[in-house]
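One structure follows; several queries about it will come next.
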Amino acid sequence: MVVPAYNEEERLAPTLDAISSYLQGSWELIVVDDGSTDGTARIAREASVRDPRIRLVSAETNRGKGHALRLGVAASRGERVLVTDADLATPVEELDGLVKEMEAGGHAAAIGSRAHPESNVEVHQIRVREWMGRLGNGLIRAVAVPGIRDTQCGFKLFDGEKAREAFADARLDGWAIDVEILQYFRRQGWPVAEVPVRWSHQEGSKVGPLAYLGVLGELAKLKARALNGVSPAQWGLPCSSEAESLGKKLRAWGRTDLVVCGLFLLGSVLLYKNLWTDLDHGYLRDSLQDQNQWEWFFGITAHHVAHLENPFFTTLQGFPDGVNLMGNTPMLGLSVPLTPVTLLFGPTVAWVLVLTGGLTATAASWYWLFTRRLVRNRWAAAVGGGLAAFAPPMISHGNAHPNFMVLFMIPVIIDRALRLCEGKRVVRDGVLLGLFTTYQLFLGEEPFLLASVGMLLFASAYALADREAARAAVRPLLKGLGIAAMTAVPIVAYPLYWQFFGAQSYHSVLHGDGAGNSPLALLQFSGRSLAGTDKTADTLALNRTEQNAFYGWPLVALAFAITVRMWRHAVVKAFAFTAFAAAVLSLGIKIRIPYTDFTFTGPWRALAHQPLFESVIEGRVAMICAPALGALLALAVDRLVVARSSASRAYQVVGLLAVAAALVPVLPTSYPVRDREPVPYFYAHSLWKKYVTHGESVVAVPLPDPGSAEALHWQADTGFGFSQPGGYFNGPWGKDRMGIYGAAPRFTSNLLRDVRYGGEAKIPTIGANWQAQARFDLAFWKAGVVVLTPQPNEAALHTTLSKLLGNAGERVGGAWVWDVRGLH
């Protein structure tokens, strides 16, 4: 055994005692003092006096773990060599498992792995260090030793001769020595096994935050050594002209721009801070089941990319019919490029990264557009861009619908359309508009549809206010739009064919006549605003993810005052009309006058049953008001801050105070988070594998649906190893293929759902007819196993299933399990 030690005076003696007491037969224990400045060497010498099998090897100066291990392994004589850290984070008793694995599998090395699904991490590191470790392991897998999930666990058993050869060839002095040795074993074709171990974080670890940077540097040395003889140009480094161009672009952004974007990022992080600080157990309280759904979407996309499967369809949910993913919202424009993040850190990290980064990028994009096209003062643009991105309806959708708040492409598309109106480089701008539009379609189609409505409203109003500008712009704009269409259509044709005509496609999703906003919702404050309460907002919205207005009366009043004061400007007229028209459209088909029973038909009726619009929740049209109001505020603040005369000082102060009074009440507060229930033992430990073969499904009881989709989280957390019927998605129902939420219901799924929420009172008299129906439905689902995990009304569900299936099932891994493979 080789134990590297640097300033381990307090921990070394108990470690040596534990190892000596455990080892039997012929053994030697080599302590390598890596230039310690405390009593480490003294303790090792005293131990060697008591037992000559303990030896001390000393380095003159502290050079790092790698150098110490080279000295220790070179001094070893054993048939096998174990290297272990001085803190014994992995108990020495775990050596038995490594020995058995080497003997049984004929491996040249067996290494402890904290990432193994059967490992037991009894005491975790602090979250930051743990996530940095995962990131480091991901980089290591990518550049050095693919397939090994944990290279840094300090408990490794090697064949002695091979270890001495590998360490003699090693050159690194630091923490990355483990990677260098494993890479050597890989090059020589010597097999390495990862073995599950017990592991506990020990206080006083020498691995500080800077150590991770050191590992990265050493990885670069390894890569350079592996690429010896390859020219830098082959590494993809930019040439000097490219670097100079990049430098000019970076210098074009001033200090104010960076500060503004930094503030946007800070605001986004503060909003999601409760989720960031508990990624393992946190769940956005007001997201209903949408966090489970969205994490599943990110996970399934990464799964498809990793396995080179069709990203537009899957049968892992909604089995056996499957799910048309293009007819849902997997945000392929982000979920595909984030595949490495999802695979390395899990879909929860991808989800919160999209929420935080997407909100920041959206605010920065509106800020960029306003500075480029609307105002001179950058802080005025920051106010407008901040409102456009952080407005109450955007924050509401930030609970659960990233496709409605990750809108950074919309300002880019608007800017390109405005360039077309200038008529300078129509072909280039038309092609780019087509590409930008294509990308937006893979971020969110419904938001783009609403944004198009907003752009059409603005263009119509502006054309009436400035007819001369409209006449000059119409020809190049139409030509550019034609070029954009010719660019986009070939790219999106196949995905859209899948969406509207592929497997499990559907026609529309109807939301009824009550999906419009109340006029009061435009003036009230949302539950996430400083001045709002959930109690008030809940009475005016479909749910907390659909608070689609709630701008607050001070902001509405200020927007009206700005419009009156600056009415002579065509752009003000256009923005005011856009906000007003969108607000009216958002009231829906039937508009009710508050506090009365009087209703009248709203203009939304003209769009409600048109293709595409029939699936829109009309209350969401009020989201168009956010950038329009943001633009009006940017114009007003710009005018205020550039005022120079002393006579205008009072006017300036009053105006800025009015802006603050309108914005402070609608400032968002942090999203509340609740604890997520852990993945049931039966799923977390893959106990379902013995019951399910290829082409069969796991039937969770009750089946997952839009009201209870935890089973999607269990499936994603366990690597999509099984299919399941039911689910939370949009799919067809009936001969007309009407869109519904979730899988088409069946008698058995309805029964189990009723009992889950109604208890024993909902259990019908179960006879041969119900049993036959259950067998029929299970055969349709190609069920391999039915699983009832602990939950409310578990006893009633167990009674129901026992009667339906003719037996009481068996208790496996904390769940009731029925093996039903014989039914199909």
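The basis for the numbers below is simple: all heavy atoms, side chains too, and nothing from hydrogens, waters or symmetry mates.
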*May I ask you to check whether F682 and W688 place their ring centers less than 6.0 Å from one another?*
no
*asked:* Testing Q152, E118, E194 one by one against S113 for a side chain to side chain donor-acceptor pair (under 3.5 Å), which residue passes?
replied: E194
*Near-ring test Y741/F729, centroid separation under 6.0 angstrom*: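 Ring-ring flag for F729/Y741: false, centres at least 6.0 Å apart.
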*Rounded to the nearest 0.5 Å, how far does OH of Y728 lie from CG of N328?*
10.0 Å
*CZ on R746 to CG on L778, rounded to 0.5 Å*: 10.0 Å
*Measure from the side-chain N and O atoms of H798 to the backbone N and O of E794, and report whether any donor-acceptor pair falls under 3.5 Å.*
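No, because the side chain of H798 does not come within donor-acceptor range (under 3.5 Å) of the backbone of E794.
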*asked:* Over 60° means perpendicular and under 30° means parallel, so tell me whether F185 and F158 are parallel, tilted or perpendicular.
replied: tilted
*L751/L804 under side chain to side chain contact (heavy atoms under 4.5 Å, CB included): CA gap, chis, key distance, verdict*: CA-CA 11 Å; L751 170 61; L804 285 174; 3.9 Å; yes
*Report the distance from atom CG of L325 to atom CG of N310, rounding to the nearest 0.5 Å.*
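If we round to the nearest 0.5 Å, L325:CG and N310:CG are 8.0 Å apart.
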*asked:* Does any part of the side chain of D159, heavy atoms only, come nearer than 4.5 Å to the side chain of W190, both counted from C-beta?
replied: no
_Q188 atom CD: more than 12 heavy-atom contacts under 6.0 Å_ =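 Check passes, neighbour count above 12.
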_Geometric class of the H685/Y681 ring pair [parallel <30°, tilted 30-60°, perpendicular >60°]_ = parallel
*Are the side chain of T800 and the backbone N or O of A796 linked by a donor-acceptor pair below 3.5 Å?*
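Answer holds: yes.
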*State whether a side-chain donor-acceptor pair under 3.5 Å links W818 with S802.*
no
*asked:* Check whether S335 reaches the backbone of P330 with its side chain - one donor and one acceptor, N or O, closer than 3.5 Å.
replied: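 Checked: pair present.
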_Any heavy-atom pair between the side chains of P495 and F312 that's under 4.5 Å?_
yes
_Reference residue K156; test salt bridge (charged side-chain N to carboxylate O under 4.0 Å, His left out); the match among D178, D85, D150_ = D178
*Could you give the distance from CG (N399) to CG (L284), rounded to the nearest 0.5 Å?*
6.0 Å
_Candidates R198, K100, R114 - the one meeting salt bridge (charged side-chain N to carboxylate O under 4.0 Å, His left out) with E94_ = R198
_Minimum side-chain heavy-atom gap T545-H397 below 4.5 Å_ =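 Not in contact.
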*How are the rings of H303 and F720 set to each other: parallel, tilted or perpendicular (split at 30° and 60°)?*
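Tilted.
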*Do the side-chain N and O atoms of D777 and Q773 include a donor-acceptor pair separated by under 3.5 angstrom?*
yes
*When you measure from the side chain of T342 to the backbone N and O of L338, does any donor-acceptor pair fall under 3.5 Å?*
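Yes, because the side chain of T342 sits within donor-acceptor range (under 3.5 Å) of the backbone of L338.
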_Evaluate M738 against Y506 for side chain to side chain contact (heavy atoms under 4.5 Å, CB included), listing each step before the verdict._
CA-CA 6 Å; M738 179 65 65; Y506 57 91; over 6 Å; no
*asked:* Out of the candidates V354, L353, V336, only one should pair with F298 under the side-chain contact (heavy atoms from CB on, under 4.5 Å) rule; please name it.
replied: V354
*Is there a side chain to side chain contact (heavy atoms under 4.5 Å, CB included) between Q791 and T789 once you walk through the steps?*
CA-CA 6 Å; Q791 58 189 285; T789 54; 3.9 Å; yes
_Using the rule given for ring pair (Phe, Tyr, Trp, His ring centres under 6.0 Å), can you reason through W498 versus F313, listing the C-alpha separation, both sets of side-chain angles and the distance that settles it, and then say yes or no?_
CA-CA 9 Å; W498 254 102; F313 182 77; 5.7 Å; yes
*Without swapping roles, check the side chain of Y283 against the backbone of L288 for a donor-acceptor pair under 3.5 Å.*
yes
_With a 3.5 Å distance limit and no angle check, can you tell me whether T90 reaches the backbone of F155 through a side-chain donor-acceptor pair?_
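Answer holds: no.
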*asked:* Whether the side chain of T314 engages the backbone of L316 through a donor-acceptor N/O pair (distance < 3.5 Å, no angle test) should be reported.
replied: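 It does hold such a pair.
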_Polar side-chain atom of D278 near backbone of N274 as donor-acceptor pair, under 3.5 Å_ =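 Not at all, since once roles are kept as given, no pair shorter than 3.5 Å links the two residues.
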_Within this structure, what is the CZ-CG distance for the pair R676 and L279, rounded to the nearest 0.5 Å?_
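Spacing of CZ (R676) from CG (L279) equals 10.5 Å.
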*Do E760 and I763 come within less than 4.5 Å of each other through their side chains, counting heavy atoms only?*
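Yes - at least one pair of side-chain heavy atoms lies under 4.5 Å apart.
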_Please enumerate all residues that pass salt bridge (Lys or Arg N to Asp or Glu O under 4.0 Å) together with R674, with sequence neighbours excluded._
none
_Centroid separation H116 to W199 less than 6.0 Å_ = no
*Evaluate the criterion side chain to side chain contact (heavy atoms under 4.5 Å, CB included) for residue pair Y671 and D286; output intermediate values, then yes/no.*
CA-CA 8 Å; Y671 292 101; D286 296 330; over 6 Å; no
*Counting distance only, does the side-chain N/O of N793 pair as donor-acceptor with the main-chain N or O of R756 below 3.5 Å?*
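Answer holds: yes.
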*CG on D87 to CZ on R11, rounded to 0.5 Å*: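 Going from the CZ atom of R11 to the CG atom of D87 covers 4.5 Å.
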*Determine yes or no for a side-chain-to-main-chain donor-acceptor pair under 3.5 angstrom, with Y272 supplying the side chain and S670 the backbone.*
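No; judged by distance alone, with no hydrogens or angles, the pair does not exist.
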_Selection residues 704-722 - residue pairs positive for side-chain hydrogen bond (donor to acceptor under 3.5 Å, both in side chains), sequence neighbours left out_ = W296-Q715, D705-R753, S708-E710, Q715-Q724
*asked:* If we count only N and O atoms by modelled type, under 3.5 Å, do the side chains of Q289 and Q293 hold a donor and an acceptor together?
replied: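 No, because no side-chain N or O of Q289 sits under 3.5 Å from a partner of the opposite role on Q293.
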_Do Y22 and D96 pair up side chain to side chain, a donor and an acceptor below 3.5 Å, judged on atom types alone?_
yes
